[in-house]
Amino acid sequence: MAALAPDRLRQEKRKSGGARELPALEYAEEGVVMRFAPNPSGPLHLGHARAAYLNDYYVRRYDGHYVIRIEDTDPRRVEQENYGLLLDDIDWLGLKVGEIVYQSDRMDIYYEHCRRLIELGGAYACMCDAAYFRDLKLEKRACPCRNQTIEENLGLWDRMLEGAFCEGMITVRVKTDLEHPDPAMRDFSIFRIVDTPLHPRIDTKVYPMYNFSVVVDDHLLGITHVIRGKDHIANTRRQRYIYDYFSWKPPVFKHYGRLSIGGVVLSTSAIKEGIVSGVYSGWDDIHLGTLKAIARRGFEPDAVRKAMIDIGIGETDITFSWENLFAQNKAVIDPRANRYFFVPDPVRLPVADAPVQTAEAALHPNEPERGVRRLLFEGSAVVPRREIEGKAMVRLKDLFNVNIAWKGEKPSLTYAGESLEEARNAHAPIIQWLPPRQARNCILKTPDGEVEGYCEEACAAECHRVVQFERVGFARIDAVAEDLVTAYFAHR
RNA sequence: GCUGCUAUAGUGUAGGGGCCAAUCAUGUCGGCCUUUCACGCCGACGACUGGGGUUCAAAUCCCCAUAGCAGCACCA
């Protein structure tokens, strides 16, 4: 038995798809309830995908419950249209969603718990100017409001709810420890007033701060484990004060490191600025790391999932490379994608002495039963200029060989027989080509620019699917118009 | 400035005192297969941030340095 152990361990670390097994969750046997908690300031990006999939992974592994919690307690960062975008993205990710809750539906719960916290002596209403308080805090000094009685604080709290104060006049703070060495821990704020704008879903001006609504929700929703970015490490420590006041048991927290991806901005606010200033065409601009953008480029959610699980929950900051995502996506897509010819940089040339004939090219080389594309050669072919440059012989794939004679810059093609052997012996490249009558204008959009050319007319039937342009790479057919096919390049 | 976290090949990971001249994936290079420079298969390349210490033994524990990151909002 002991001899079998190493093999078995290895098996546990490898899943069938090549995805690895993450470390076990502590206390998982007592049940697992986790959450993904985005805020509706814009659509999701790869950074969100990590949080969403990491939590999703453990929910599935332990057959737990998954709560999607929309954190919309800042009216300034909430826009009506973003709710829909968010839900679309969550749908695309394919999470095992148990329930969806909106914090804006739970305001009364937060109010009630704030009152309780004040009654417990754990919070006070503070009317100090924010900057003034900050200075006191840095000097570890209490502000005058800290000594108010519970009754005074409750009175102020009631007047807050009645609308007696304007924005900035008052806040509720948790009584923590002014001597705490980390200034971030000292008497942080848990409620504020926001006069404008109005919240699209509710009618109130008193809003809970992140650290309060999250604690109340995590407890009430029965969240057992939280996996979030390490930018929340300080929040976790702050939240413990609230758990302690209520005598609640906090969930198990895990924090993963910062994720960046080469050449992509992963900040919702930065993206938004870019769109407004015209740098990006929209949320799905292919230069962005939004889910909408990568979906448009032909990335599959399962590939993103595997890539994110592979990264894991390490606390180290990482620079994720597109190559890793390409590899995962290729594994998902290659078996599915039908093959077609795309001819960039096209030139139309007659082929002397060539017989009229129909080429049959497999839709997928590993699955002949899928059938073939039929390309009727009638005397001339569209070929990629760069592929014949300087060559004396090439083979048009699935058709025949051609000799190329060069008069200066001008090539002239002559039929050179059917023999694949000869082409091989001559080291002739086997290249893609198109019959002019079956060629459709095609524009291939890549992050580095656009490539114009022609693709097979049959690509029109693959709209919104990913295909492989042979010898070029994988691409998603994005739009098919009268005389133009638009495709987005994914990767080789 | 104060507080805290992290540090393994180009990238991402495994390993938490001896089994590590360090795992796996990706990448790159070479070969095989192949009417794609795809897929698949075989092989090669490539790393424990630096310096001290503890120990018979350190990638693994401790200290210092360096670097990166995060927080110190009436944002989430």
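Per chain, numbering begins at 1; letters A, B, ... match sequence-line order. On a predicted model such as this, the values are computed, not experimentally measured, just so you know.
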I'd like a list of close polar pairs between nucleotides 46-50 of chain B and the protein, N/O only, cut-off under 3.5 Å.
none

Got a list of protein N/O to nucleotides 36-43 of chain B N/O distances below 3.5 Å?
residue : atom : partner : partner atom : Å
B:U36   : O2   : A:R471  : N            : 3.0
B:U36   : N3   : A:Q468  : OE1          : 2.8
B:U36   : O4   : A:R339  : NE           : 2.8
B:U36   : O4   : A:R339  : NH2          : 3.1
B:C37   : O2'  : A:R492  : NH2          : 2.9
B:C37   : N4   : A:E387  : OE1          : 3.1
B:C37   : N4   : A:E387  : OE2          : 3.0
B:C37   : N4   : A:R471  : NH1          : 3.0
B:C37   : N4   : A:R471  : NH2          : 2.8
B:A38   : O4'  : A:Q468  : NE2          : 3.3
B:A38   : O2'  : A:D334  : OD1          : 2.8
B:A38   : O2'  : A:Q468  : NE2          : 3.2
B:A38   : N3   : A:R339  : NH2          : 3.2
B:C39   : OP1  : A:K330  : NZ           : 2.7
B:C39   : O4'  : A:D334  : OD2          : 3.3

Could you run down the sub-3.5 Å N/O contacts of the protein with nucleotides 67-69 of chain B?
residue : atom : partner : partner atom : Å
B:C69   : O4'  : A:D317  : OD2          : 2.8
B:C69   : O2'  : A:D317  : OD1          : 3.3

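Comparing atom distances between the A:D398 side chain and each of B:C72, B:C74, B:U35 picks out B:U35 as nearest. Nearest nucleotide to the side chain of A:R134, out of B:A7, B:C75, B:A73: B:A73. The side chain of A:A130 lies closest to B:C74 when the candidates are B:U3, B:A76, B:C74. Between B:U35, B:G71, B:G12, one nucleotide has an atom nearer to the side chain of A:A234 than all others, and that is B:G71. Looking at the side chain of A:D182, the nearest of the listed nucleotides B:G12, B:U35, B:G71 is B:G71.
Nucleotides B:U13 and B:C29 have their C1' atoms positioned 23 Å apart, rounded to a whole Å. Across the P atoms, B:G43 and B:G51 are found 35 Å apart, a figure rounded to whole Å. When the P atom is used for both B:A57 and B:G53, the distance is 12 Å, rounded to whole Å.
Donor-acceptor pairing under 3.5 Å is recorded for the side chains of A:Y83 and A:D72.
Aromatic ring centroids of A:F212 and A:F191 lie under 6.0 Å apart.
B:A38 makes up no base pair with any nucleotide shown, lacking Watson-Crick or G-U wobble contacts both under 3.5 Å. Pair assignment for B:U28 gives B:A44, based on Watson-Crick or G-U wobble hydrogen-bonding distances that are each under 3.5 Å. Across all strands shown, B:U55 has no partner, as no Watson-Crick or G-U wobble contact with both distances under 3.5 Å is found. Within the shown strands, B:C72 is the pairing partner of B:G1 under the Watson-Crick or G-U definition, both distances less than 3.5 Å.
Base orientation at B:G16 is syn, since its O4'-C1' glycosidic dihedral falls within 90° of 0.
Between the side chain of A:R20 and the base of B:C24, no donor-acceptor pair under 3.5 Å is found. For B:G10, the base has a donor-acceptor partner in the side chain of A:E323 [N/O atoms by modelled type, under 3.5 angstrom].
At the phosphate of B:C75, neither OP1 nor OP2 sits under 4.0 Å from any side-chain N or O atom of A:S41.
Ring geometry for A:Y210 against A:H232 counts as parallel: the plane angle stays under 30°, on a 0 to 90° scale with 60° as the upper cut. In this structure, A:F326 and A:F299 have parallel ring planes: the angle between them is below the 30° cut-off, well short of the 60° mark.
A:E421 CD: 12 or fewer foreign heavy atoms inside a 6.0 Å radius.
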